[in-house]
Amino acid sequence: MIVPPAFVARAQALREEIAYHNYRYYVLDDPAVPDSEYDRLFRELQDLEARFPSLATPDSPTQRIGALPLTQFAAVTHLTPMLSLNNAFDEDEVQAFDRRIREATGLASVAYAGELKFDGLAINLTYRDGILVQGATRGDGFTGEDVTQNLRTVHAIPLRLAGEDCPRLIEVRGEVIMPKAELERLNRAQTARGEREFANPRNAAAGSLRQLDSRITAARRLTFFAYGVGRIEGRALPARQTDILDYLETLRFQVSEERRLVHGVEGLLGYFQAIGSKRASLPYEIDGVVYKVNEVKYHEALGYVARAPRFAIAHKFPAEEAVTQLVDIAVQVGRTGALTPVARLKPVLVGGVTVTNATLHNEDEIRRKDILINDFVVVRRAGDVIPEVVGVVADRRPRDARAFAMPTLCPVCGSRVVRLSDEAVARCTGGLYCPAQRKQAILHFASRRAMDIDGLGERLVDQLVDRGLVKTPAELYQLDAQSLARLERMAQKSASNVVQAIQSSKATTLGRFIYALGIRNVGEATAKALALHFGDLDALIKASEASLAEIPDIGPVVAQSIAQFFAEMHNREVIAALRRAGVHWEPVAAGAAHGRASASGKTFVLTGTLPHLTREEAKARIEAAGARVSGSVSARTDFVVAGIEPGSKYDKARELGVTILDERQLLEWLEGIERSD
DNA sequence: GATCCTCGAGTTCT
DNA sequence: CTCGAGGATC
C-alpha cells in the first residue's frame, strides 16, 4: 500500500513530538503538556499506524504498550562483556583501593566519578544509527537474554537517540529499577490477587523484565538509569567518566542527579556519607555507591582481575539491620545429637527477606550476647544470606523477659542431655533411638554428596520415620510406590520417582558409601581418603583403632570415632542389610591415593558462581587433573578461582597475594595439564 | 605448647 | 558461609 507523503510526514512529526513529551515526563519529571494533550497525540499516531501499518516503525512510541507473548527469550552475546564490580565494605578497603590506583597511575590525588549503585537489574541497550535494536540482561556477563520487547515498554529508555551526531553503534549500560512507590503498589495488587509479594525491588524488576508477555511488563512502571557505555563506533568516547554521563544525558537518557566528581579518598568517603544520609529519601532503593577513576585513559592500563575492572569499586552500605522481638528459643536436634538453640522471631523484613528464625549456635553464645526470651534484638543478614542475632536492645528489655535454659532431657526423645566439659555443644544421648537423630541420619544418607537420592526430603523422611516405615537407611530399599503413595503430599507419580531414585542409588562409590554412613568426624574428604587407603569396606571394618590412627590426616579422635562405629553390632547389621539390598560399588585399587605421577600438587580454592561450570564440575575436573580443591584460602593455596560475586575468600586471596583465575583461565590451565598427561 | 591449616557440622529462605 | 575443633608442623 502506498502511503500518501503527507501522512508519512505527519507520522514522523507525531513520533518526534510524543518522544519529546515522553522524555519531559519520564526522564525530566517536568511535563510540557497536560496528559490529555499527550493522549490526543498518541491516539492520532495510533490511528495513522492502524490505517497504514508500514508507518509503525520500531522506534514508534506506540511500540511501548507491549506486544504479543513470546515463547522464550533468545540468548544474546554482548559485544563487550558486562563486568562485575569488586566490593568494599569499609573505609580500609576504600583506602586500599585509592592507594592501588595512586601507585598504578603515579598520581598524587585521583579524580573519581561517584555514582549510585542501584538495586535493580543491569541491562545492555544496543543502538544502531540511533535506533534501539536490542536490549539484553547482563546474564553471566558474556551472554544474556534478549528482552528487547519488554524494555521498549520502559518509558525512560529512548527508542531513538536525540542529537545530530549519534554514533553508528553504541552499547549503553545501565540499570532497570522499580521505584519504591511502584513496588508498594505492585505488592498491594499482588496481595489482592492472592499472589506472592516481591521481596525487594531487584526481584520485582527482574520478574517484570522476564515476562514473556510484554503487556505485563508495560503495566509495571519500571524506569532506567544509564551509567556507562560498552562498545561505541562512529564517534569517540568522551575522555572522562563524568563527560560520558553528560553525553548520555544529551542522548536523552536518564542519568542520576546524585553523581559527583570527587577527589582523593576524602572525597570518596564524603560522597559515601552524603549519599548514605540521603538514602531513605530517594524514591528508589540503592545498595551502595560506585567509584570510577574519572580519566578513561587509565582504565585499560589498570587492567582487570577475574572479570572485575581495577578502575572501579562498589562501596556497599553495611548489611541492613532490623529490630524485632525474640518470642521464643526453640531447640533443634541435629544428626550428631547436637542441641542447637534457634531464635523464633516476630517476622521482620531484613534486606528484602522476611526473617522468622535465626540460629543462636549454643548456650555460651546466648550468654555472651545476654539474650533473654522476649527481648528486642537486632537482626542482620550475615554474608548477605544467613540471618544472625547481633545483640539485644538493652533499654527495651520487657518485664517478662526470662532466661533460656538448655533442657536436661532431649525435647524429641526424652533421653538425657550431656555437655562435655571441653565442648560448646550439648548433645542428646539417645543416639539412633532418638527420632530426630534417625531422621537426620537418613537425610544425610540420601543427601546429594552421599547416596544422592533425589526427592527424599525432610517432609517425606518425617513421615516415614514417624509411621515406623523406615528405621534404618537399609529399609529405604524395601519401599514400594504403593505404600509411599498413601502418604501426605505424595502422588502416584512422585512416589514412583522416589522409588526409582532409591533403586538407582544402589550403584555408588565406596567413598560416597562411607560418607553416607554418617560416622562422627568423618566427612566427605576423610571418607574418600579411607576408601582409597583400604580399597574395600571389609578391610576398613576390620581395621584396629591403632592402625587407623596411622593413616595421614587421621588422628586419635577420628580413629576412635571410626573404630567405635564399626564395633557397634547394629551398624554392622545395617551395612550387611544394605549390601543384601544390592548397594554396590566399583572396586578401588588399594593405595591409589599415592598414585598419579602427573599430580601437579597444586591447591585450588573456589569462590563465587562460575558462569558455565557448576562447583562440583569444576572440583571434579581439578581433582581429575591431579590437583586439590580446598575450602579455605591460606598461604599454601596456589590458585583461587573467582566466579560472579565472589565471597570473602576472594578478598583473602588478594590480601595474601594468591593468583586469582577466572573460569576461562581455569579451563586453559586444565587443558594444559590434560595435554601434558 | 603454639600456630597454622583443613575438615566437619550446622544453618536460612526461596 | 562461619565457627569450632582435629591434625600436622615447628
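Throughout, protein chains are lettered first and strands after them, A, B, ... in sequence-line order, and every chain is numbered starting at 1.
- Across the protein-nucleic acid pair, A/L606 atom CG and C/dC1 atom P stand 11 Å apart, rounded to whole Å.
- A salt bridge links A/D364 with A/R419; the closest basic N to acidic carboxylate O contact falls under 4.0 Å.
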Where along nucleotides 1-11 of chain B does protein come under 4.0 Å, by heavy atom, of base (B) or sugar-phosphate alone (S), with - for untouched nucleotides?
----SBSSSSB
Step-by-step side chain to side chain donor-acceptor pair (under 3.5 Å) determination, A/R220 to A/S208
CA-CA 7 Å; A/R220 313 251 176 100; A/S208 304; 2.8 Å; yes
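- By the 30° and 60° cut-offs, the orientation of the rings of A/F513 relative to A/F445 is perpendicular.
- Atom CZ of A/R419 and atom P of C/dG4 are 12 Å apart (whole Å).
- Applying the salt bridge (charged side-chain N to carboxylate O under 4.0 Å, His left out) criterion to A/E145, with sequence neighbours excluded, gives A/R210.
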Verdict with supporting geometry, A/Y515 and A/H444, ring pair (Phe, Tyr, Trp, His ring centres under 6.0 Å):
CA-CA 9 Å; A/Y515 174 59; A/H444 172 80; 4.7 Å; yes
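- With salt bridges taken as basic N to acidic carboxylate O contacts below 4.0 Å, one links A/K369 and A/E365.
- The nearest whole Å value for the distance from the CD atom in A/E550 to the P atom in C/dG6 is 20 Å.
- A/E388 places its CD atom 10 Å from the P atom of C/dT2, with the value rounded to the nearest Å.
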